[in-house]
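These notes are about the structure you will find just below.
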Amino acid sequence: MIRPFALSVLALTACAEPYVTTAMGGDFSSADIELNGGGWAWWLTDDGTDEAVDPARLQLRFTGATTIDPVLDYRYVNSAIRTEAAADWARAPRLTLDVRAFLDGKQLEANEEYTKVHIDPDPTLHVGRSSGLTPGAELPGNENMVGSRHEYVLQLSNVSMEAGDVLTGKFNWKVQRKDDGTDPAGVMTGEMAFNFSVPVVSERVAHCNEVTHFGVAYDHFRDWPCEGLE
Amino acid sequence: MGRLSIVFALGLAACGGIEPAETRTTVTVTGDVDGRAPVFSGAGWAWERPRADHGALGVDYYELHLVLTNANMDPLVHLESLPVLTRHDLAREAALGDFIHVTMIRRGEGEEVENNGTYPEATALNDTAEAQLVFGSQRGPNEPTQATLGQRPFKTGQVSSWQVMTGDVERPSRDVAGALDGRFSLDLVEGNTPLGGLDLDVQVPLVGEGYGSCQLSLLSRPEGTSCFVATE
């Protein structure tokens with residue numbers, strides 16, 4: 001009786017659809033920051049310098065774009081799909097995380113709770129343009145649109161670096177305004193919570209898609225990391 | 001039989017297959033670089049940049065440019081006249097294939113190349129050549145998703161020795177392209193390491209400087225570019 005149940009759970013796990021669910025609070029509950037369109041993960045082991053990145057840095061991508069298949073090498077896709085993916089990536093909101101771990105050289109582990117004592121996720125948030133620009137739109141300001149007091153919690157249910165596997169976990173990001181006068185008035189504050197189960201994409205494919213802007217920046221097509229003898 | 005032909009033709013149209021274009025380019029490659037012989041099966045073209053006298057600012061150089069690609073295009077059809085998605089298709093072909101851009105620079109007294117000439121001439125000590133040779137993708141469209149990073153790909157611009165032998169040189173008029181027939185011989189190095197040499201026997205359209213350089217920039221920026229920026 002136990003064995004069939006265990007098998008069905010395994011099958012469910014293997015076939016489970018990727019998901020990203022979000023709970024956005026404060027200024028992040030805007031329609032311009034809907035980040036549950038898709039997500040993926042990859043591991044940076046080579047940043048183009050002579051030294052290996054060790055431990056590898058987890059890269060997480062959450063986007064409102066719904067047309068992107070992160071496992072495709074977009075250089076080989078027809079132009080209609082490439083240009084749409086590039087436009088979708090550009091106009092949709094996105095959060096990119098480049099997680100540096102300060103764990104005495106050790107890699108992130110499953111079921112540990114990492115805060116800013118252990119990691120620097122270096123978040124970059126791009127606000128989308130789902131509502132479009134009005135003719136009289138003014139510049140929104142500079143890049144520092146969010147408060148600069150941050151709290152993070154990252155917890156992974158499993159840690160896999162293999163392309164084709166799935167990475168599951170939670171990420172919470174709390175943003176507050178600093179009271180020391182460094183943050184201008186009106187910076188965004190609030191909290192984002194992600195529950196995710198996302199595909200692990202090969203470093204080469206994921207990094208190549210980013211430097212070629214999903215297959216439309218042709219000057220990078222023949223360059224590393226897209227190309228290179230293995 | 002008739003139905004099969006129609007279905008096949010419809011299938012081709014539905015898949016958006018690009019019909020072979022008249023590339024107006026003939027290239028024979030002899031030799032190899034880093035153990036590989038590049039293939040240029042698409043369009044090529046050449047243009048000249050005239051030597052100019054800038055008065056008090058001095059005199060600059062004459063340049064002869066040759067571009068060879070794998071883009072299935074007619075080099076005499078201006079890319080800006082094509083639909084933007086077609087330009088993206090051509091840009092991808094060019095970017096995934098082998099590519100070379102050779103520039104011969106005649107300094108000093110050097111003037112434009114002539115019919116049946118050999119360069120550098122014995123008295124022209126300051127003539128030089130540059131080459132940007134890039135090998136295309138070694139991966140197929142069914143690239144496995146687990147593909148890992150590799151070493152940096154080969155790319156060079158260092159020419160240790162060179163020779164250009166022209167055959168017929170027919171210069172373009174305002175509305176009609178000319179033609180260049182010649183052999184470009186290049187020995188390439190990386191640092192002090194010889195990588196090999198190439199002889200490129202070419203017959204390509206010779207076009208105006210503005211047209212030729214604009215076509216090249218549109219191949220990497222197909223959504224458009226300002227092709228006629230004043231040089232410094």
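Residue numbering restarts at 1 for every chain, and letters A, B, ... go by the order of the sequence lines.
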(request) Would you please test A/Tyr218 and B/His88 for side chain to side chain contact (heavy atoms under 4.5 Å, CB included) and show each step? (result) CA-CA 9 Å; A/Tyr218 301 95; B/His88 274 282; 2.5 Å; yes
(request) List the steps, then state whether side chain to side chain contact (heavy atoms under 4.5 Å, CB included) holds for B/Leu96 with A/Phe221. (result) CA-CA 7 Å; B/Leu96 287 175; A/Phe221 265 43; 3.8 Å; yes
(message) Between B/Leu85 and A/Arg82, does the side chain to side chain contact (heavy atoms under 4.5 Å, CB included) criterion hold? Intermediate values first, please.
(response) CA-CA 10 Å; B/Leu85 288 183; A/Arg82 284 185 288 126; over 6 Å; no
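Counting heavy atoms of neighbouring residues, nucleotides and ligands inside a 6.0 Å radius, atom CD of B/Glu22 exceeds 12 of them. No more than 12 heavy atoms of other residues, nucleotides or ligands lie within 6.0 Å of CE in B/Met165, so this atom counts as exposed by the packing criterion.
Within the 4.5 Å cutoff, side-chain heavy atoms of A/Arg222 are placed close to those of B/Phe99.
The heavy-atom pair separating B/Arg92 from A/Val77 by the smallest distance is NH1-O, 2.6 Å.
For B/Asp98, the side-chain contact (heavy atoms from CB on, under 4.5 Å) partners are B/Arg36, B/Pro38, B/Val39, B/Phe40, B/Asn70, B/Phe135, not counting sequence neighbours.
Contacts between A/Cys226 and chain B at a heavy-atom distance below 4.5 Å involve the backbone alone (N, CA, C, O).
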